[in-house]
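Following: one structure in structure tokens, then a few remarks.
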Amino acid sequence: MSNTIKKDTVSFGKSRQPKLIFALLAGAAASMTAVNICSGSIPLSLPEVWSILTSPNDTTESIIVWKIRLPRALAGVLCGGLLAVSGLLLQVYFRNPVVGPFILGISSGASLMVSLVMLTSLTMQLSIMSPFVTTLAAIIGAYSVMAIVVAIASKVKSGVTLLIVGLMMGYLCHAATSVLIALAEKEQVKGFVLWQLGSFSGFKWNEIYLLIGVGGLLMVAVFLLAKPLNAILLGEEYALSMGINIRLLRMLILFCACAMAGMITAMAGPVAFIGLAVPHMARMIFSTSDNRILIPGTLLMGALVASGCDFIARSLLSPVELPLSAITAFFGAPIVISLLMKKKVQL
Amino acid sequence: MMFSKTQANKAVLTCRDLMVGYKNTPVLNNINLSFEAGQFTTLLGPNGAGKTTLLRTLSRHLESLSGTIHVDDRPLAELRQAELARIMAVVLTDKVTPPLFNVFQFVALGRYPHTDFLGRLTEKDREVVSHSLAAVHAENLSHREFASLSDGERQKVLVARALAQEPQILLLDEPTAHLDLKHRVEVMAILRNLCRSKGITVIASLHDVDIAAKVSDRVALVKDGAITDWGYPEEILTTETVAELYDFNSACFSHHLCSIELRGDGHRGKVFVVAGMGSGATIYRMLAKRGYAISTGVLQSNDLDCFVADSLGADCFQQQPSASMTEASLQQAYAGLAECDLVIDTGFNSDGPYQNNLNLLKKAVTDGKTVFSLRDDNRAWAIDGNNSNIIAVKNTSHLLDAMEAIQ
């Protein structure tokens, strides 16, 4: 009997060699980024890109890489990863496998606030601070919707109700947004509509720095929450009995999830399904619910999937660029449906 | 590592004038209980009586409305959450959405209050997890996915998870609900063993009065907004208290047999059963189930049949144990016999004190009543000549068929 116990202790935590999968995912995400930088209307080879990256010059190629392709590729990686982690947090928090920042109306709340900033003349005076203002607005929007959803969710326990509440919040925000659009000037509407389709193009470097800085801090915070996130998988009652400060944990989870989703929505527009589908893919690949593995896993997986979707969006019907949210939906919705059909949706 | 006697008799959890409930609706009042180390206490009571509310207050999931709770002489409210988690663990009724964990990993979640900020397991943690699994006889499940477990296995693993916290106090809300008989008995045996060998104080709410009576060191009866009774199950769980606790009408808890008997409504008329020495018990139950009222006798008052018949609400003619049935008690039984149309001979041993009961059968035959006999050889009491109203049956099912046939 002591033998079997020994074996258990040895094998614990080694389901499917996570290190190997991490390496594969990181490799795949890096390759996808490289492909994104190399491909386009002016194809570049890897050595060309390398020489441009190491010694920037004034050639058209260099400007394309430094001003357009590199920010866009990095935006895909960062937004995808953070959005997916935000979805993971929400799924664990609600103990519901079919929620995500988009489904719960968080993205819509962020959109509404962004539209308020973009469509009214508020931005006129503040155009220099633009990424920060819209980001802040988006986070506030995300957080307000989240607060309402949470308040309702605490009254009604059923998971389906939660989804419906999220959808309704989404409709309300869309309705308010459309009123703002009707009242806005034509010029502003054009930019807003493009933004609303979701895209990683047009990222400025200060936005990338913001993503790396704030996103990095949030990721550290999320990773430090991995242990209580695991405990809360059993439900809040059990988590409480294991010594967790539930109120603080709730606040932290929601703060991190909304900050991530809000910030990304402000910059890239509402991107659907990444936050919902990617955590499931990570769970399936790592075959564990251990958030210490899932958090970095989801980050890499989200980076890979978002970069892939962006590649498809700009190359499928090139030179026409497809809306990013359309691609992520084409790809994400079937995955979620098949997951539900197989009843493989677990946390 | 046996739990030493010196540690016993020390209250690890005490409630004084405790009032529990939700917001402004008190559910239970004036609770004064103390739970000693290594003691198994069961909360019994009907659904909605407040057992869960009390447990949730003890585990600090709910705030108490008034009064105090002390853990090891310290007020419960003053303990830090993490501190409490190392003293007290719970097994709840909530369905756990199974995460993608194997059983070992699942149980390891219980190490939460003991591990570092990333929840990494040390050698000692792994050992505790293994021991917790061993304590619930689930070592063999260690590699299985938690989601693939049956209800019974899941419950054992949930207990193991609680044990991994290394608690002094274990609170369980209906730990045997939804379990099959094997697991029900197994889980109770495990819990009992935890009290004995590890000195853990177990407080559980249960629905099985019979199992509770056999397992618990103390029982607390919860009803009508109060703890109506508290103490040794052997003293407290009498037929009357149990009937009152659950508002029994058609059932009866037998104090001596420690089981529940279901009474019939007797709509199909009265049957007289001549039994003795345990030969009648199963036949009484079968008759009660089929809706017959029962009359039986003459039984010695220490006979198993006597306890079962009492619990089933039968008219039971009995006498103090003696060498043979007295004429006086037979006379009473004759009167009972006269009210019945059908008579059953259970095939009781007629060599000893029950010999005179054969006279009841003879009387029944002479009075022209239909007599079913389970006896191999009923010449012992048959009367020469007119025996056409005796129906020999081989076993109880045959008896039932025969009874159905003539009605």
Side-chain angles (χ1 to χ4, degrees), chain A residues 1-16 91-92 94-97 157 159 223-249 280 282-284 286-295 343-347, chain B residues 56 59-61 79-86 88-121 123 125-127 129-131 133-134 139-140 142-143 145-147 158 161-162 164-165 167 171 173:
Chain A
M1 196 190 293
S2 63
N3 267 343
T4 58
I5 292 174
K6 276 258 166 62
K7 255 194 242 156
D8 296 337
T9 54
V10 170
S11 69
F12 174 58
K14 298 207 168 158
S15 49
R16 287 204 194 176
Q91 290 178 2
V92 173
F94 286 107
R95 282 192 294 145
N96 187 330
K157 292 275 179 227
F223 193 69
L224 290 178
L225 289 179
K227 182 186 173 186
L229 281 172
N230 278 353
I232 212 174
L233 285 175
L234 297 183
E236 291 190 357
E237 308 261 279
Y238 274 114
L240 189 68
S241 79
M242 287 193 267
I244 291 169
N245 185 339
I246 290 288
R247 254 183 225 165
L248 182 65
L249 180 64
H280 284 301
R283 268 185 213 108
M284 264 163 65
F286 288 97
S287 84
T288 182
S289 295
D290 187 346
N291 292 301
R292 288 169 299 180
I293 294 173
L294 284 182
I295 290 167
K343 297 216 166 153
K344 275 245 169 173
V345 275
Q346 285 166 333
L347 282 172
Chain B
R56 284 172 58 88
S59 65
R60 218 166 69 177
H61 282 96
L79 288 165
R80 284 184 299 114
Q81 200 66 34
E83 221 173 339
L84 183 63
R86 286 193 284 268
M88 187 189 277
V90 297
V91 176
L92 305 164
T93 38
D94 309 17
K95 275 247 167 189
V96 170
T97 329
L100 287 172
F101 279 139
N102 70 27
V103 167
F104 190 93
Q105 291 169 321
F106 185 89
V107 173
L109 288 176
R111 294 302 294 162
Y112 189 95
H114 301 273
T115 52
D116 66 3
F117 71 103
L118 274 181
R120 283 176 294 209
L121 299 180
E123 203 49 51
D125 292 320
R126 297 208 168 98
E127 220 167 85
V129 173
S130 296
H131 285 153
L133 279 166
E139 307 99 313
N140 56 331
S142 184
H143 284 291
E145 282 297 314
F146 182 76
L158 282 168
R161 188 216 58 81
Q165 281 178 246
L171 304 180
D173 196 4

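Naming convention: chains lettered A, B, ... in sequence-line order (proteins, then strands); numbering from 1 in each chain.
- In this structure the side chain of A/Asn230 reaches within 4.5 angstrom of the side chain of A/Arg292, judged on heavy atoms.
- Note: B/Phe146 and B/Phe106 meet the aromatic proximity criterion, with ring centroids under 6.0 Å apart.
- Residue contact with chain B, scored on non-hydrogen atoms closer than 4.5 Å, is absent for A/Ile246.
- In this structure, A/Lys227 is not positioned above the aromatic face of B/Phe117 in the sense of NZ or CZ being under 6.0 Å from the six-membered ring centre and within 45° of the axis.
- We find that A/Glu237 and B/Arg56 are joined by a salt bridge, their nearest charged nitrogen and carboxylate oxygen being less than 4.0 Å apart.
- With a threshold of 4.5 angstrom between heavy atoms, B/Leu171 does not approach chain A through any atom at all.
- Once rounded to the nearest 0.5 Å, the distance linking CE of B/Met88 with OG of B/Ser59 reads 6.5 Å.
- Contacts with chain A were tallied for B/Val103, B/Val96, B/Leu109, B/Leu118; B/Leu118 has the most, counting heavy-atom pairs under 4.5 Å.
- Residue contact with chain A, scored on non-hydrogen atoms closer than 4.5 Å, involves the backbone and the side chain of B/Val91 alike.
- When B/Thr115, B/Leu84, B/Val129, B/Asp94 are compared by the number of non-hydrogen pairs under 4.5 Å with chain A, B/Thr115 comes out ahead.
- Contact check for B/Gln105 versus A/Asp290: no side-chain heavy atoms found under the 4.5 Å cut-off.
- Contact of B/Arg111 with chain A is not made at all, since no heavy-atom distance falls under 4.5 Å.
- Proximity to chain A is absent for every atom of B/Asn140, based on heavy atoms less than 4.5 angstrom apart.
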